[in-house]
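Counting starts at 1 for both ligands and their atoms, following the listed order. Numbers here simply count residues along the sequence, with the first being 1.
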Amino acid sequence: MSDPKIIVALDYPDTNSALALADQIDPQRARVKVGKELFTRSGPDVVRQLVNRGFDVFLDLKYHDIPHTVGRACAAAADLGVWMLNVHTLGGTAMMQSARAAVGRDADSPLLIGVTLLTSMDQATFEQIGLTGKMSDTVLRLANMAKHSQLDGVVCSAQEATMLRDELGADFQLVTPGIRPAGSERGDQHRTMTPAQALSAGSHYLVIGRPISAAPDPMQALQAIENSL
Ligand code: C5P
């Protein structure tokens, strides 16, 4: 079984556009991510279609609500047959434990991942919402809470990957968005790294959206990223 490191974010406004890109990708070569825009427009059906095509699907809905509601939402996501799903660590340990209990820990259970601080967050926004100190200390605290709540890993910036691997161990899965191949547009992301840098920093999975989906030739962009690894 191959273990592709690249997760292509299918950030499209409709099922046809998402499947048009997915149909060019070999599921042995890359995983795919369904996020809030596509899911809100296309619903669970697009997830089922991707699962039926053989893709490992990361359902990136970043649940953050009361523990009961998050547990039920996670159970519903697991029923769709996704490979990975996520919750916000800022929801606290009771919420994460409820998610863990709902998802279970069987061999075929999805990976349950906690979002720490968004990779788009900069120091000014961090302070604006009332957080103080170093952002990396907050990320470490939230990741420790996720591990304590029996989550399988966290979403973080690749800039924090080495610290988290050293503190939490190599088995704790590090999923890193904010990946930008050299020379590509940063967009709204702030704490970015190149694909090769992110993997050598300790990232297990690279979430890549616009550098592939907004490229004139997305498959050529994917190939170039693979070649750079
Ligand atoms: O286009 P880009 O490569 O910036 O896409 C990154 C993807 O990863 C988006 O779908 C975004 O929602 C998601 N994501 C993120 N930061 C997180 C969690 C998920 O950018 N902390």
Under 4.0 Å from one or more heavy atoms of Leu118, ligand 1 contributes atoms 17 (C), 21 (N)

Identity of the nearest option to atom 17 (C) of ligand 1, non-hydrogen atoms only, from Ala214, Pro177, Gly35, Ser157
Pro177

One residue to check: Asp60. Relative to ligand 1, which of side chain, backbone, both or neither has a non-hydrogen atom less than 4.0 Å away?
side chain

Using a strict cut-off of 4.0 Å, indicate which atoms of ligand 1 neighbour a heavy atom of Arg180.
1 (O), 2 (P), 3 (O), 4 (O)

Using a strict threshold of under 4.0 Å (side-chain N to carboxylate O), is an ion pair present between Asp79 and Arg48?
no

How many angstroms lie between OH in Tyr63 and NE2 in His88, if you round to the nearest 0.5 Å?
12.5 Å

Tell me whether Asp60 is salt-bridged to Lys33, with the criterion being a basic N under 4.0 Å from an acidic carboxylate O.
yes

Just going by heavy-atom distances, which of Thr116, Thr119, Val8 is nearest to atom 16 (N) of ligand 1?
Thr119

Among the clusters formed by ILVMFWY side chains lying less than 4.5 Å apart, do Val175 and Leu118 turn up in the same one?
yes

Which heavy atom of the protein is the closest neighbour of atom 11 (C) of ligand 1, given with residue, atom name and distance?
Lys33 NZ, 4.0 Å

Side-chain donor-acceptor pair present, Gln223, Arg29, cut-off under 3.5 Å:
yes

Looking only at protein heavy atoms, what sits closest to atom 18 (C) of ligand 1 is Lys62 CE, 3.2 Å

Residue part near ligand 1, for Lys36, under 4.0 Å between non-hydrogen atoms:
neither

Closer than 4.0 angstrom, basic N to acidic O: yes or no for Asp188 and Arg210?
yes

Classify the contact between Asp11 and ligand 1 as side chain, backbone, both or neither, using a heavy-atom distance cut-off of under 4.0 Å.
side chain

Go through ligand 1 atom by atom and flag the ones less than 4.0 Å from a non-hydrogen atom of Val155.
17 (C), 18 (C), 21 (N)

Charged N-O contact under 4.0 Å between Arg53 and Asp23
yes

Taking all atoms of both residues into account, what is the closest heavy-atom pair of Val154 and Leu164, and its distance?
CG2-CD1, 4.0 Å

Between ligand 1 and Asp188, is the shortest N or O to N or O distance under 3.5 Å?
no

Numbering the atoms of ligand 1 from 1, which are under 4.0 Å from a heavy atom of Gln189?
4 (O), 6 (C), 20 (O)

For Val207, the atoms of ligand 1 under 4.0 Å from one of its heavy atoms are 7 (C), 8 (O)

Fit a plane to each ring of Trp83 and Tyr205, take the angle between them on a 0 to 90° scale, and name the class: parallel (under 30°), tilted (30 to 60°) or perpendicular (over 60°).
perpendicular

Atoms in ligand 1 flagged as close to Gly209, the criterion being non-hydrogen separation under 4.0 Å
1 (O), 2 (P), 3 (O), 5 (O)

For ligand 1, which atoms have a heavy atom of Arg210 less than 4.0 angstrom away?
1 (O), 2 (P), 3 (O), 4 (O)

I'd like to know whether CD of Glu185 has more than 12 heavy-atom contacts from other residues, nucleotides or ligands below 6.0 angstrom.
no

Does ligand 1 have a heavy atom under 4.0 Å from the side chain of Pro211, from its backbone, from both, or from neither?
side chain

